[in-house]
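Heavy atoms only: backbone and side chains are in, while hydrogens, waters and symmetry mates are out. First the proteins, then the strands, lettered A, B, ... as listed; each starts at 1.
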Amino acid sequence: AQSVTQLGSHVSVSEGALVLLRCNYSSSVPPYLFWYVQYPNQGLQLLLKYTSAATLVKGINGFEAEFKKSETSFHLTKPSAHMSDAAEYFCAVIVNAGGTSYGKLTFGQGTILTVHP
Amino acid sequence: DAGVIQSPRHEVTEMGQEVTLRCKPISGHDYLFWYRQTMMRGLELLIYFNNNVPIDDSGMPEDRFSAKMPNASFSTLKIQPSEPRDSAVYFCASSDSSSGNTIYFGEGSWLTVV
């Protein structure tokens with residue numbers, strides 16, 4: 001079965017520091033991978049997605065992620081954290097993204113990012 | 001363009017009462033999803049529709065839960081009778097099948113059953 005594991009339920013960084021949020025997936029076939037952000041009391045917003053094209057994916061708000069098949073990873077990075085980046089981040093996977101698996105996201109447990117001055 | 005619209009945003013109800021959550025997907029989207037978020041189980045898919053037809057309801061926890069999509073612009077998720085363990089945030093989401101699995105989420109309905 002497909003799954004994602006987010007390493008670290010809480011990550012704390014200083015403003016201006018590198019943000020690195022870790023996600024590993026398990027899938028026997030090439031997956032589609034996603035990162036979503038959830039601000040307090042709001043819904044989920046798509047940051048970026050990987051759909052088997054370029055392995056380095058650029059998203060909104062300066063975030064990017066790199067698909068590494070050999071490591072089964074899809075880590076999210078941002079070179080310089082802003083206070084506004086404080087939120088919860090979710091990695092998600094879809095396997096066999098067509099047909100009856102369309103849109104069937106399996107989410108990780110989430111990583112809360114804290115940014116301190 | 002308006003996003004996915006959910007109502008109510010917050011609801012507090014007593015155990016045993018019927019709860020109806022509503023969703024208006026993004027116009028033109030042919031997929032609609034209901035997800036639930038809890039501290040214990042995280043985000044999980046309950047049911048989804050394609051062109052108003054339920055495709056997979058394997059995530060619906062039990063018979064107390066039901067969902068309908070009578071037309072392309074409206075869906076409901078009903079819980080009857082409600083129980084305290086149903087307390088969660090319920091998200092509706094929609095997608096256009098030509099978008100490569102890009103799913104747009106609503107703001108959520110925050111349900112508390114006391």
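Connection of V19(A) to F67(A) is established within a shared hydrophobic cluster, with ILVMFWY side chains joined at heavy-atom distances below 4.5 Å, either directly or through further cluster members. F63(A) and V115(A) fall within the same hydrophobic cluster, where Ile, Leu, Val, Met, Phe, Trp and Tyr residues are linked whenever their side-chain heavy atoms come under 4.5 Å apart, directly or through other members. A single hydrophobic cluster is not seen to contain both L7(A) and I112(A); linkage of ILVMFWY side chains at heavy-atom distances under 4.5 Å, directly or through other members, places them apart. Hydrophobic clustering (ILVMFWY, side-chain heavy atoms < 4.5 Å, transitive): Y39(A) and V11(A) are in one cluster.
Between atom CZ of residue F33(B) and atom CG of residue L105(A) there is a gap of 7.0 Å, rounded to the nearest 0.5 Å. Here the straight-line distance linking atom CZ of F34(A) with atom OG1 of T102(B) works out to 6.5 Å at 0.5 Å rounding. Distance check, rounded to the nearest 0.5 Å: CD1 of I103(B) to OH of Y102(A) gives 5.0 Å.
Looking at K49(A), its side chain does come within 3.5 Å of a backbone N or O of G100(B) through a donor-acceptor pair.
Contact annotation for E44(B): neither backbone nor side-chain heavy atoms come within less than 4.5 Å of a heavy atom of chain A. Interface remark: S99(B) contributes backbone and side-chain atoms alike to the contact with chain A (heavy atom separation under 4.5 Å). In this structure, chain B has a heavy atom under 4.5 Å from the side chain of Q38(A), while its backbone stays farther away. Proximity to chain B involves both the backbone and the side chain of L44(A), based on heavy atoms less than 4.5 angstrom apart. Contact annotation for L43(B): both backbone and side-chain heavy atoms come within less than 4.5 Å of a heavy atom of chain A. With a 4.5 angstrom heavy-atom cutoff, R9(B) touches chain A only via side-chain atoms. For chain B, the nearby parts of Q42(A) are the backbone and the side chain; heavy atoms of each come within less than 4.5 Å.
Other residues, nucleotides and ligands place no more than 12 heavy atoms under 6.0 Å from the CZ atom of R22(A). Annotation for N71(B): atom CG counts as buried by contact number, over 12 foreign heavy atoms lying within 6.0 Å. Remark: M83(A) CE is packed, more than 12 non-hydrogen atoms of other residues, nucleotides or ligands lying under 6.0 Å away. Within 6.0 Å of CD on E62(B) lie more than 12 heavy atoms contributed by other residues, nucleotides or ligands.
Using cut-offs of 30° and 60° for the angle between ring planes, the Y36(A) and F105(B) rings count as perpendicular.
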